[in-house]
There are 4 protein chains.
Amino acid sequence: MTRSKSRKVPDITSPWEPFEDRRRARDIKREAVLRVAVHLFLEQGYDRTSLNEVAERLNITKPALYNYFANKEEILVECYSLGQELSEGALTRMREQDGDGLFRLRGLIRGHALTMAQDFGQCLVRIDDRVLSPEARREVRAGKRLIDAGFRAFISEGIADGSIRPCDVKLTAFAIAGALNWIGHWIQPDGDRSPEQIADEMALRLTEGIANTA
Amino acid sequence: MTRSKSRKVPDITSPWEPFEDRRRARDIKREAVLRVAVHLFLEQGYDRTSLNEVAERLNITKPALYNYFANKEEILVECYSLGQELSEGALTRMREQDGDGLFRLRGLIRGHALTMAQDFGQCLVRIDDRVLSPEARREVRAGKRLIDAGFRAFISEGIADGSIRPCDVKLTAFAIAGALNWIGHWIQPDGDRSPEQIADEMALRLTEGIANTA
Amino acid sequence: MTRSKSRKVPDITSPWEPFEDRRRARDIKREAVLRVAVHLFLEQGYDRTSLNEVAERLNITKPALYNYFANKEEILVECYSLGQELSEGALTRMREQDGDGLFRLRGLIRGHALTMAQDFGQCLVRIDDRVLSPEARREVRAGKRLIDAGFRAFISEGIADGSIRPCDVKLTAFAIAGALNWIGHWIQPDGDRSPEQIADEMALRLTEGIANTA
Amino acid sequence: MTRSKSRKVPDITSPWEPFEDRRRARDIKREAVLRVAVHLFLEQGYDRTSLNEVAERLNITKPALYNYFANKEEILVECYSLGQELSEGALTRMREQDGDGLFRLRGLIRGHALTMAQDFGQCLVRIDDRVLSPEARREVRAGKRLIDAGFRAFISEGIADGSIRPCDVKLTAFAIAGALNWIGHWIQPDGDRSPEQIADEMALRLTEGIANTA
DNA sequence: TATGAATGAGAATTCATTCAT
DNA sequence: CATGAATGAATTCTCATTCAT
């Protein structure tokens with residue numbers, strides 16, 4: 001690992017590097033915690049996953065976790081955030097791309113489907129956010145609404161530009177989002193379809209009915 | 001209540017009535033427990049709902065619950081069962097009705113959508129069955145697979161009889177089921193669409209793309 | 001059984017018989033409770049045996065037990081009593097028989113050994129009387145002391161009449177009682193020695209050292 | 001406390017001391033728990049002794065106990081172990097000593113008698129091992145059988161070398177063990193015989209009958 | 001930064017006992 | 001007599017979190 005190597009010779013190069021180094025090491029450890037945590041959360045549920053288990057898998061002790069996170073909730077919130085970023089990234093990318101509403105919608109579908117193929121993405125729909133404190137929940141839900149708004153926006157856009165047939169926007173968005181979110185519940189790492197295949201298929205299937213291809 | 005009335009004159013009508021009466025009273029109470037429990041489970045999550053809360057809402061004490069259920073898990077399992085029955089009922093009904101695959105699929109969609117509008121139905125998709133013991137989980141999942149198999153069967157049937165365009169059956173079934181299950185997450189009792197409206201809309205929307213209407 | 005016969009024709013013979021009958025039936029049931037209870041107490045320990053289990057084995061319900069016993073403790077106390085009576089019977093019998101101290105001691109040993117071969121006898125030494133309320137415990141211990149006093153009396157008697165060699169009476173009594181009480185811990189219903197064989201062997205073995213056979 | 005003193009100057013003496021120190025402190029605390037626990041177990045019985053009581057006497061809180069023991073059963077098992085070691089020590093010592101069977105038997109008797117004068121030894125015979133899980137019970141019973149086997153071995157040895165008169169080995173061993181185990185039930189800390197006196201007396205009394213002194 | 005220890009809060013479950021029927 | 005239901009009290013155990021070191 002380059003991390004451990006650089007840790008051996010910090011003073012030689014620059015007195016600032018150690019800080020950099022340390023911060024980076026810290027971030028790496030934070031990430032490791034999150035990866036292990038989200039994995040266990042998905043495997044056993046949030047409430048049934050004790051911080052002890054998380055710590056054990058990382059070969060540290062429970063209180064050590066508190067160096068990186070204020071509490072258990074913060075861990076979950078960050079897992080949500082990382083998942084959220086995945087879909088938001090797709091949303092942003094499609095917003096910035098040229099193309100009609102249908103094209104953008106399909107892009108978002110693909111992006112959201114791929115999100116659901118990852119642990120952090122899955123936790124968005126498989127870990128109930130009712131375990132969060134009201135404030136944290138509000139924030140998380142705001143994030144989720146963003147994506148939903150994205151679906152609706154692209155659908156409306158498509159209807160406006162003629163690429164999508166008129167339909168009940170809200171319900172259609174819910175239907176699409178639901179079909180995609182469900183992926184997180186049935187997808188298997190070693191399934192016979194790759195995440196990309198699933199994403200592509202969904203992008204078509206979920207828009208067939210509304211696409212104005214006639 | 002008729003119960004208390006009949007209790008006053010048991011010997012006159014029938015020596016069996018008291019028993020019947022008691023059994024019925026028992027069932028009524030069991031049901032009340034389940035209704036309160038599923039409500040709280042949906043509101044706060046299973047792990048965060050203590051039996052104390054359930055009991056309190058019923059104006060009884062916690063140990064009294066153990067007269068009706070062996071343990072907390074059994075309560076959840078029965079909630080799942082009641083939810084499961086809702087969709088299975090729709091499945092059975094459509095199986096017995098005449099009509100092509102598309103027709104049946106739409107019926108099942110409607111039925112499953114309506115299931116998702118009820119507490120017992122929602123708990124199927126909103127309470128993580130990973131809290132169950134392996135045996136109980138196996139049983140619950142078997143039930144869920146039944147519904148999924150129903151979707152696939154009707155789609156296959158439709159493809160065979162020409163009412164549905166050839167498509168990836170498994171993925172399509174997942175997409176439809178996902179869109180419907182998601183209803184349980186967003187529907188609101190006082191929303192501007194009635195469950196029936198949602199069900200009808202979904203029955204159309206989710207089949208538009210695959211219906212062979214040309 | 002004559003019990004069931006007489007129960008069928010109670011009014012014919014005498015208006016008083018039913019009472020007798022009822023009392024007897026009651027006693028029979030009490031005994032049944034005690035037999036089942038002591039068995040379970042020995043099998044699982046007093047605290048770990050719930051009245052439910054006792055009731056179940058008798059095909060009745062828990063509250064029904066309260067018709068025969070005031071509480072769980074009373075059941076145990078009566079089990080002790082029945083065991084106590086076994087040894088006390090032997091003590092009384094030997095007291096009334098002619099013979100020197102050694103003869104009587106051996107008789108008591110035999111009697112106490114046989115007591116330890118029965119459930120009620122075993123409970124004397126295998127169920128800790130510390131589970132009893134102070135009053136009940138006092139009574140039970142008084143009974144146990146009676147037996148112990150019997151051992152000492154016979155030993156002293158034997159020393160006085162020359163059939164037993166001078167020895168530390170108290171310690172010798174404890175040693176003999178201990179050896180006998182231990183039988184309750186190792187004896188097995190289907191062992192290769194009958195209770196009588198064990199009793200006889202003990203009567204000899206435990207007195208060999210102190211018998212004045214020279 | 002010396003602990004706090006050494007804690008002030010750890011680096012001077014050795015970098016390992018703190019660790020040693022901690023481990024030792026931990027062991028000391030574990031031992032304290034066991035001593036309090038066995039005392040209460042003997043006083044009130046295992047089931048009637050709550051971990052709360054144990055903790056209270058130690059001026060800690062109940063969950064703190066779980067730092068040292070996995071559960072209540074483990075505490076009991078360790079109490080048994082400590083008691084077991086006492087007698088096993090005597091057994092081993094006598095095995096290694098020169099002398100005939102009678103000599104060794106007497107040594108084991110003395111050792112076992114002294115075991116019964118201590119809390120940990122008493123719990124072997126006064127706490128019913130039926131409260132243990134099957135696995136734990138098996139282990140504990142294996143230990144008990146070891147001692148019993150020791151008694152039998154020394155008796156057989158004595159018969160073989162002529163120091164003990166031929167007798168029913170199994171029954172004799174049971175009788176001796178029983179007499180000794182009973183000590184745990186009647187001995188009193190402030191009795192008029194010291195444990196050593198009792199032990200010596202028992203070593204003689206229990207072998208008088210079988211010793212080949214003629 | 002990391003750890004062992006400790007704690008407060010809480011949860012499920014068990015059970016002897018009571019009571020109305 | 002017997003029962004179903006209910007309860008209060010207790011108990012074991014878990015866990016997130018804190019703190020001194």
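Residue numbers begin at 1 in each chain, while the letters A, B, ... track the order of the sequences.
Looking at A:Glu78 and A:Arg30, a side-chain N of the basic residue comes within less than 4.0 Å of a carboxylate O on the acidic one, giving a salt bridge.
Taken to the nearest 0.5 Å, the OG1 atom of C:Thr49 stands 4.0 Å off from the CD atom of C:Gln44. Considering OG1 of D:Thr61 and CD of D:Glu56, their distance stands at 10.5 Å, rounded to 0.5 Å. The structure places CD of B:Glu53 at 6.0 Å from CG of B:Leu40, a figure rounded to the nearest 0.5 Å.
Partners of D:Ala32 according to the side-chain contact (heavy atoms from CB on, under 4.5 Å) rule, which considers only residues two or more places apart in sequence or in another chain, are D:Arg35, D:Leu58. For B:Glu74, the salt bridge (Lys or Arg N to Asp or Glu O under 4.0 Å) criterion is met by no residue, not counting sequence neighbours. Not counting sequence neighbours, D:Tyr80 has no partner by the ring pair (Phe, Tyr, Trp, His ring centres under 6.0 Å) test.
Separating the CG atom of D:Leu65 from the P atom of E:dT7 is a distance of 10 Å, rounded to the nearest angstrom. One interatomic measurement links the two molecules: CG of B:Leu58 to P of F:dA5, which rounds to 15 Å at whole-angstrom precision. Taking atom OH of residue D:Tyr68 and atom P of nucleotide E:dT7, one finds them 9 Å apart after rounding to whole Å.
With a 4.5 Å cut-off on side-chain heavy atoms, B:Phe120 and B:Cys79 count as touching. Residues A:Glu139 and A:Glu135 have side chains not in contact (no heavy-atom distance under 4.5 Å, counting atoms from C-beta outward).
A:Tyr66 has no side-chain polar atom (N or O) that falls below the 4.0 Å cut-off from OP1 or OP2 of E:dA2. Applying the 4.0 Å criterion to OP1 and OP2 of E:dG4, one finds that D:Lys29 has every side-chain N and O outside that range. The phosphate of F:dC1 (OP1 or OP2) has no side-chain N or O of C:Asn67 nearer than 4.0 angstrom. Listed pair D:Arg26 / E:dA5 meets the phosphate criterion, a side-chain N or O lying under 4.0 Å from OP1 or OP2.
Residues A:Lys72 and A:Tyr46 share a closest heavy-atom pair of NZ-O, 3.0 Å. Closest heavy-atom contact between A:His39 and A:Asp119: ND1-OD2, 3.7 Å.
Near-neighbour residues of DNA chain E inside residues 44-57 of chain C, defined by a heavy atom below 4.0 Å, number-ordered: C:Thr49, C:Ser50, C:Leu51. Listed by residue number, the members of residues 69-80 of chain B with any heavy atom below 4.0 angstrom from DNA chain E are B:Asn71, B:Lys72.
A donor-acceptor contact under 3.5 Å is formed by the side chain of B:Lys62 with the base of E:dA12.
Considering only side-chain atoms of A:Pro63, the nucleotide from E:dT3, F:dA2, F:dA9 that sits closest is E:dT3.
Where DNA chain E pairs in unbroken runs of 3 or more (Watson-Crick or G-U, both distances under 3.5 Å), the stems are E:2-21 with F:2-21.
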